[in-house]
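All remarks here apply to the structure that follows.
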Amino acid sequence: MIQTQLEKLIAQSLKRAQKKGELPKFPVPAIAVTRPRRQGQGDYSCALPLQIVRDVNNALKAQQAGKLAPMQIGEILLKRLPAAEFLDRAEIAKPGFINLYLSPAWLARQTALISQQGGEYYQVDLGEGKKVQVEFVSANPTGPLHFGGARNAAIGDALARLLENSGYLVQREYYVNDRGTQMRTFAMTLWRRYQQLFGMDVEIPADGYPGAYMIEYAEKIKAEHGDSLLSLTEEEVPERFQELGLKIVLDELEHDLAMMNVHFDNWFSEQSLYDNGDFAKVYAILRDQDDLYEKDGAVWFRASKYLKSDRDEVFIRSNGEPGYFASDIAYHYNKFIVRGFEWVIDVWAVDHQNQAKRLPGTMRAFGIDPQRLTIVLYDLVTLKRGGKEVKISKRAGEIVTMREVLEEVGADAARYFLLSHSNEARIDFDIDLAVAQSSENPVYYIQYAHARSASILRKAADAGLKPATDHLALLTCPEELALLRKMLQLPEVVINAVDHLAPHHLPHYALDLAKTYTNFYGHCRVIDMERKDLTEARLMLVQAAKTTLAYVLSLMGMTAPEQM
RNA sequence: GCCCCCGUAGCUCAGUGGCAGAGCAUCGGACUUCUAAUCCGUUGGUCGCAGGUUCAAGUCCUGCCGGGGGUGCCA
């Protein structure tokens, strides 16, 4: 990447200047080349002279030599800066910045590489083939996914896509909480709804699920099994209805997530941890390490041994059922030890922050470095309709489902909007506003830029013109070069997004890129039958821009339409 | 009480220690288009408050104020 190469060049110039005796000797600090936010300060800039002025002058004082100002240090560094094909020139700017300018000719040549290599041109190898799992959504399978889950899906899937394109081997997993009290209540509610369909005078459990969707599920069961299940014994009911209900919900989840272009590689059953012996193994390990003890009729896990905290966690509740902590620990034992993931990312809503703070540390009990478990927390989505908040409550049966929002605003717009906020920021999502504004939504602006490039290429092909590399040097307009610069920024955006597990940088960059492209489009007419050479070069640029737009859109899980 | 997150333009939000940004909205222009779902220009901010660190702070540290969340034998 250009940025790191520039950092190396500047480090070299400092070493050279020290070797020549133009600057005194001191340890070379970490050198940071950044993108200036304003124009006219180079494509990149570096504050090294300001950063080292104190070291320089301290060393000079020890030699009883005179002081140097940051600007003078900059001049010395500039003189020793090695040449590079991508570097046009470097300048000193007050109070002591080195501004670096990319070579226009080199920039123009990149269009050919981008067009040929497509998304690969932008791929960075951060992961080196490391096996990483992204576990996300994982909502309780007791009903349709509410819209808050859509944010989880958008973030988790974008992270997976970012990692896949950064050299990681990624698995997407959905953790299915298919055991415990919630599941039991779900099954019993379903059973009652089923009975009611046959006119039986029964009530759903007091703590049951009142939502109308439960009746739909019961109707599905009735359609398939008729009245044959009415004869089940009291012991058979919970298990059978859990099984039937779970299948319906999982099918529905898979379908709804597919609407958002999200697909999981694996649906992992919580129950399987107990069936396959993982839980028993974990229990034995902890017991043998004296990490478990009994109190108040429950079995406790000595979390305080592994965390900076004096609080322990209930492992087996006094009713004999394992608590959620037990399942979580066994689950992550399975991820690391049984399945061998080197890195695990869980995407959780902020209301699990306490667990998020504690779970990684407990991995030490199995000799697993807590750093291998990253929990990405995101804040909730507040849904509004016409400025009024819509309460999401599964309990009251009043929920806004992901499906209905997707049907209203579309998957692309929903994904874009959900991704465009930083994970920690709460989102106010006004459905009416989202629908009303959809025509002037940035989503369409970005997709439109892509569709336009496709259109130009089609039109050119009809006229017998194709992108060609022969005259790329003709790409010298400010708008052309600005577009190239913006495209080359993509790897930096990806690295930043991966480093911070912050996919919200993607939509902002995409909008920026589309804007730069549209500006080019407005200023530089591409197809010009009088100038075949320039047309071919610009077509190459258009193709490169189209590739880049499509690549960013795919990182966000959005479609890149050929026409709109 | 203690812990975490948020507070930046009218609105919605970006901002990796380097001269405060985008979209929308406002106002003024441009439609015989390679797709006007567009373009050009304009208005708009003591970055919640107060200290501190630094050559340099929206950004790092401390303390406040306001909003949200967490602190279960729920998950």
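Note on naming: letters A, B, ... go to the chains in the order of the sequence lines (proteins, then strands), and numbering restarts at 1 for each one.
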- Between G72(B), A22(B), C73(B), spot the one nearest the side chain of Lys515(A), thanks. A22(B)
- Query: Do any side-chain nitrogens or oxygens of His421(A) fall under 4.0 Å of OP1 or OP2 in C13(B)?
  - Reply: yes
- Item | Per Arg452(A) side chain, nearest of listed nucleotides U38(B), G15(B), C34(B) | U38(B)
- Checking all strands, does Gln563(A) fall into the base, sugar-phosphate, or nothing category for heavy-atom contacts under 4.0 angstrom? base
- Message: From C-beta outward on Glu424(A), which listed nucleotide comes closest to its side chain: G68(B), C6(B), C34(B)?
- Response: C6(B)
- How far does the C1' atom of U43(B) sit from the matching atom of G23(B), given to the nearest Å? 16 Å
- Item | Residue His504(A), side-chain heavy atoms: nucleotide from U38(B), A14(B), A37(B) that is nearest | A14(B)
- U59(B) P sits how many Å from His500(A) NE2, rounded? 16 Å
- Task: Please state whether the base of A37(B) and the side chain of Tyr444(A) form at least one donor-acceptor pair under 3.5 Å?
- Result: no
- Message: Only Watson-Crick and G-U wobble pairs, only distances under 3.5 Å, only runs of 3 or more: what stems does that leave for RNA chain B?
- Response: B:1-7 with B:65-71, B:10-13 with B:21-24, B:27-30 with B:38-41, B:48-52 with B:60-64
- Query: Going by distance alone, is a donor N or O of one side chain under 3.5 Å from an acceptor N or O of the other, for Ser304(A) and Asp310(A)?
  - Reply: no
- Item | Spacing of the C1' atoms in G7(B) and G58(B) (rounded, Å) | 11 Å
- Message: Working note: Phe136(A) + Val376(A), criterion side-chain contact (heavy atoms from CB on, under 4.5 Å); need CA distance, chi angles, decisive distance, verdict.
- Response: CA-CA 10 Å; Phe136(A) 58 111; Val376(A) 172; over 6 Å; no
- Between CG of Asp351(A) and P of C74(B) the distance, given in whole Å, is 17 Å
- For Asp428(A), answer base if it contacts any base atom (sugar-phosphate contacts may also be present), sugar-phosphate if it contacts only those atoms, and nothing otherwise; contact means non-hydrogen atoms under 4.0 Å. sugar-phosphate
- Closest to the side chain of Leu50(A), out of C73(B), C13(B), G18(B), is G18(B)
- Message: Do the side chains of Asp43(A) and Arg35(A) get close enough for a salt bridge, i.e. N-O under 4.0 angstrom?
- Response: no
- Nucleotide nearest Arg35(A) when distance is taken to its side chain, options C73(B), C34(B), U16(B): U16(B)
- Message: How many whole angstroms separate atom CE of Met183(A) from atom P of A75(B)?
- Response: 14 Å
- Stepwise ring-ring contact (aromatic ring centres under 6.0 Å, His included) test for Trp300(A) and Phe315(A): CA-CA 5 Å; Trp300(A) 292 70; Phe315(A) 202 72; over 10 Å; no
- Taking atom types as modelled, is there a side-chain donor on Tyr209(A) or Gln182(A) under 3.5 Å from an acceptor on the other? yes
- Query: Between U35(B) atom C1' and Ile527(A) atom CD1, what is the distance in whole Å?
  - Reply: 12 Å
- Between P of G23(B) and CG of Leu513(A), the distance in whole Å: 14 Å
- For the atom pair CD1 (Ile527(A)) and CD (Glu536(A)), what is the distance rounded to the nearest 0.5 Å? 12.0 Å
- Task: Give the nucleotide from the list C3(B), C13(B), A75(B) with an atom nearest to the side chain of Lys357(A).
- Result: C3(B)
- Whole-Å distance, Leu377(A) CG to C6(B) P, equals 12 Å
- Pairwise P distance, U38(B) and G44(B) [rounded to whole Å]: 25 Å
- Task: Considering just the side-chain nitrogens and oxygens of Arg54(A), establish if one lies under 4.0 Å of OP1 or OP2 belonging to U54(B).
- Result: no
- Query: Of Asp512(A) and Glu562(A), whose nearest nucleotide on RNA chain B comes first from the 5' end?
  - Reply: Asp512(A)
- Pick base, sugar-phosphate or nothing for Ala47(A), based on heavy-atom distances below 4.0 Å to the nucleic acid. base
- Give the nucleotide from the list G23(B), G18(B), U35(B) with an atom nearest to the side chain of Ser455(A). U35(B)
- Proximal nucleotide (of C73(B), C4(B), A14(B)) relative to the Gln353(A) side chain: C4(B)
- Message: Does His352(A) contact A75(B) through a side-chain donor or acceptor facing the base, at a distance under 3.5 Å?
- Response: yes
- Span that lies between the P atom of G15(B) and that of A9(B), in whole angstrom: 15 Å
- Message: Looking at His505(A), I'd like to know whether one of its side-chain N or O atoms comes within less than 4.0 Å of OP1 or OP2 on G15(B).
- Response: yes
- Across the strands shown, which category fits Glu313(A) at heavy-atom distances under 4.0 angstrom: base, sugar-phosphate, nothing? nothing
- Task: Map His508(A) and Pro95(A) onto RNA chain B by nearest heavy atom, then report which one ends up closer to the 5' terminus.
- Result: His508(A)
- Query: Centre of Tyr521(A)'s six-membered ring, under 6.0 Å away, within 45 degrees of the axis: is that where NZ or CZ of Arg452(A) sits?
  - Reply: yes
- Task: Determine the contact category for Phe97(A): base if any of its heavy atoms lies under 4.0 Å from a base atom, sugar-phosphate if only primed atoms, P, OP1 or OP2 are that close, otherwise nothing.
- Result: base
- Is there a side-chain contact between Phe264(A) and Val134(A), using heavy atoms and a 4.5 Å cut-off? no
- Would you tell me if any nitrogen or oxygen in the side chain of Ser422(A) comes within less than 4.0 Å of OP1 or OP2 on A14(B)? yes
- Looking for any heavy atom pair under 4.0 Å, which part of the strands does Asn519(A) touch: base, sugar-phosphate only, or nothing? sugar-phosphate
- Aromatic stack Tyr521(A)/C34(B): centroid gap under 5.5 Å, interplanar angle under 30°: yes
- Item | Test log, rule side-chain contact (heavy atoms from CB on, under 4.5 Å), inputs Glu313(A) and Tyr324(A) | CA-CA 10 Å; Glu313(A) 297 285 349; Tyr324(A) 69 88; 4.2 Å; yes
- For Tyr445(A) and C39(B), is the shortest distance between a side-chain N/O and OP1 or OP2 below 4.0 Å? yes
- Donor-acceptor side-chain pairing of Asp528(A) and Thr535(A) below 3.5 angstrom: no
- Do you see a donor-acceptor pair shorter than 3.5 Å between the side chains of Tyr306(A) and Asp291(A)? yes
- Task: Would you mind telling me which of A14(B), G18(B), U71(B) lies closest to the side-chain atoms of Arg311(A)?
- Result: U71(B)
- Item | Separation between the C1' atoms of A20(B) and U8(B), rounded to whole Å | 9 Å
- Give one of base, sugar-phosphate or nothing for Val53(A), where a contact means two heavy atoms less than 4.0 Å apart. nothing
- Message: Distance check needed: C13(B) P versus Asn441(A) CG, whole Å only.
- Response: 14 Å
- Task: Classify the nucleic acid contact of Asn496(A) as base, sugar-phosphate or nothing, counting any heavy atom under 4.0 Å across all strands shown.
- Result: nothing
- Phe315(A) CZ to A75(B) P, in whole Å, measures 13 Å
- Task: Compute whether any side-chain donor of one residue and acceptor of the other, for Asp512(A) and His508(A), lie under 3.5 angstrom apart.
- Result: no
- Query: Hey, does Arg525(A) reach any base, or is it just sugar-phosphate, or nothing, if we go heavy atoms under 4.0 Å?
  - Reply: base
- What is the nucleic acid contact for Cys524(A), judged by heavy atoms within less than 4.0 Å: base, sugar-phosphate only, or nothing? base
- Query: Which part of the nucleic acid, if any, lies within reach of Ser318(A) when heavy atoms closer than 4.0 Å are counted: base, sugar-phosphate only, or nothing?
  - Reply: base
- Are any of Tyr448(A)'s side-chain N or O atoms less than 4.0 Å away from OP1 or OP2 of A37(B)? yes
